[in-house]
> 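Pasting a structure here, questions to come.
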Amino acid sequence: MFDALRCAACHTAEMKTGRTHPFAELRDQTIRPFTDLLLHDMGPALADSLPEGRARGAMWRTSPLWGIGYTEQVAEAIPVGYLHDGRARTLTEAILWHGGEAEKSRRRFEQLSKADRDALLAWLRSL
């Protein structure tokens with residue numbers, strides 16, 4: 001479902017570490033960060049109007065999703081949020097904030113049945 005919604009277009013499931021890391025054990029490792037580490041236009045609703053380098057105010061680096069399932073456990077002790085800057089209080093809210101390049105993915109999420117939405121959210125919490 002994650003792929004069908006095109007979330008993986010930015011939240012890339014798998015990548016490989018480089019060959020030149022000083023520690024041999026970190027070379028050529030497959031990791032699953034669920035990010036492309038790139039900047040994307042997330043639309044005017046998320047814009048902070050603070051350009052930084054080449055990044056305009058509506059541009060955000062794709063947040064890695066690995067470990068996102070621990071966020072609620074950590075949030076009991078420390079106020080933690082979701083999304084690129086922590087402003088979303090739930091995974092659903094984080095998805096619904098997506099605009100710009102992710103607008104179509106957000107719309108696809110909105111059109112899911114409750115069962116499919118719940119299944120996707122449960123899967124995200126497993127990461």
> CG of L124 to CZ of F2: how many Å apart, nearest 0.5 Å?
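That separation rounds to 6.0 Å.
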
> Given the rule in the side-chain contact (heavy atoms from CB on, under 4.5 Å) test, do L121 and T90 qualify, once you have shown the distances and angles that lead to the verdict?
CA-CA 10 Å; L121 294 171; T90 66; over 6 Å; no

> Rounded to the nearest 0.5 Å, what separates atom CZ in R6 from atom NE2 in H11?
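The distance works out to 12.5 Å.
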
> Out of curiosity, L112 CG to K114 NZ, how far, rounded to the nearest 0.5 Å?
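Spacing of CG (L112) from NZ (K114) equals 12.0 Å.
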
> State whether the number of non-hydrogen atoms from other residues, nucleotides or ligands found under 6.0 Å of R56 atom CZ is greater than 12.
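Check fails, neighbour count at 12 or below.
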
> Carefully, step by step, assess E103 and R106 under the rule salt bridge (Lys or Arg N to Asp or Glu O under 4.0 Å).
CA-CA 5 Å; E103 177 85 22; R106 188 200 77 225; 2.9 Å; yes

> How close do L39 and A55 get, counting heavy atoms only, and between which atoms?
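Heavy atoms of L39 and A55 come nearest at CD1-CB, 3.7 Å.
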
> Can you check whether F34 reaches P64 side chain to side chain, under 4.5 Å on heavy atoms?
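The answer is no, as the side chains (C-beta and beyond) never meet within the 4.5 Å cut-off.
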
> I want to check something: taking the side chain as every heavy atom from C-beta on, are W60 and D48 in contact at a cut-off of under 4.5 Å?
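Contact flag for W60/D48 side chains = yes.
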
> For a 4.5 angstrom cut-off between non-hydrogen side-chain atoms, does H40 reach R61?
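Sidechains of R61 and H40: no contact.
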
> Are M15 and T30 close enough that some pair of their side-chain heavy atoms sits under 4.5 Å apart?
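No - every pair of side-chain heavy atoms lies 4.5 Å or more apart.
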
> Can you name the closest pair of heavy atoms from A58 and G43 and give their distance?
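In terms of heavy atoms, the two residues are closest at CB-O, 3.6 Å.
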
> Just checking, is any N or O donor in the side chain of D36 or T12 under 3.5 Å from an acceptor N or O on the other one?
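Side-chain D/A pair, D36 to T12: absent.
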
> So do the side chains of L65 and T35 get within less than 4.5 Å of each other, counting heavy atoms only?
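Side chain of L65 against side chain of T35, heavy atoms only: no contact under 4.5 Å found.
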
> Is E110 close to L96 at the side-chain level, that is, under 4.5 Å between some pair of heavy atoms?
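Yes, at least one pair of side-chain atoms sits under 4.5 Å.
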
> Would you say the ring centers of W97 and F109 fall short of 6.0 Å from each other?
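No, the ring centres sit 6.0 Å or more apart.
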
> Do L37 and T62 touch side chain to side chain, with heavy atoms closer than 4.5 Å?
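No, their side chains stay 4.5 Å or more apart.
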
> Where is the tightest heavy-atom contact between T20 and R27, given as atom of each residue plus distance?
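Nearest heavy atoms, T20 then R27: C-NE, 4.2 Å.
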
> Do L38 and L46 sit in one hydrophobic cluster, given that two such residues count as connected whenever their side-chain heavy atoms are within less than 4.5 Å of each other, even indirectly?
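No, L38 does not connect to L46 through the hydrophobic network.
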
> So do the side chains of M42 and M59 get within less than 4.5 Å of each other, counting heavy atoms only?
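Of all side-chain heavy-atom pairs linking M59 with M42, none is under 4.5 Å.
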
> Specify the closest pair of heavy atoms between L120 and M1, including all atoms of both residues, with the distance to one decimal.
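Reported closest heavy-atom pair: CB-SD, 4.1 Å.
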
> With a 6.0 Å cut-off (strictly less than), is the heavy-atom count around CD of E14, excluding the residue itself, greater than 12?
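Atom CD in E14 is packed in, count exceeds 12.
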
> Can you tell which of L91, I68, T71 makes a side chain to side chain contact (heavy atoms under 4.5 Å, CB included) with R125?
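That would be L91; it is the only one of L91, I68, T71 passing the side chain to side chain contact (heavy atoms under 4.5 Å, CB included) with R125.
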
> Look at atom CZ of R89 and say whether more than 12 heavy atoms of other residues, nucleotides or ligands are closer to it than 6.0 Å.
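No.
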
> If you look at every heavy atom in A94 and L83, which pair is closest and at what distance?
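In this case the closest contact between A94 and L83 is O-CD1, 3.4 Å.
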
> Assess whether atom CZ of R108 is packed by more than 12 heavy atoms of other residues, nucleotides or ligands within 6.0 Å.
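Counting neighbours around CZ of R108, more than 12 heavy atoms of other residues, nucleotides or ligands fall under 6.0 Å, so yes.
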
> State yes or no: do Y70 and W66 share one hydrophobic cluster built from I, L, V, M, F, W and Y residues joined by side-chain heavy-atom distances below 4.5 Å, directly or via other members?
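No, Y70 does not connect to W66 through the hydrophobic network.
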
> Please check: side-chain N/O of E101 versus main-chain N/O of D41, any donor-acceptor pairing under 3.5 Å?
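Yes.
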
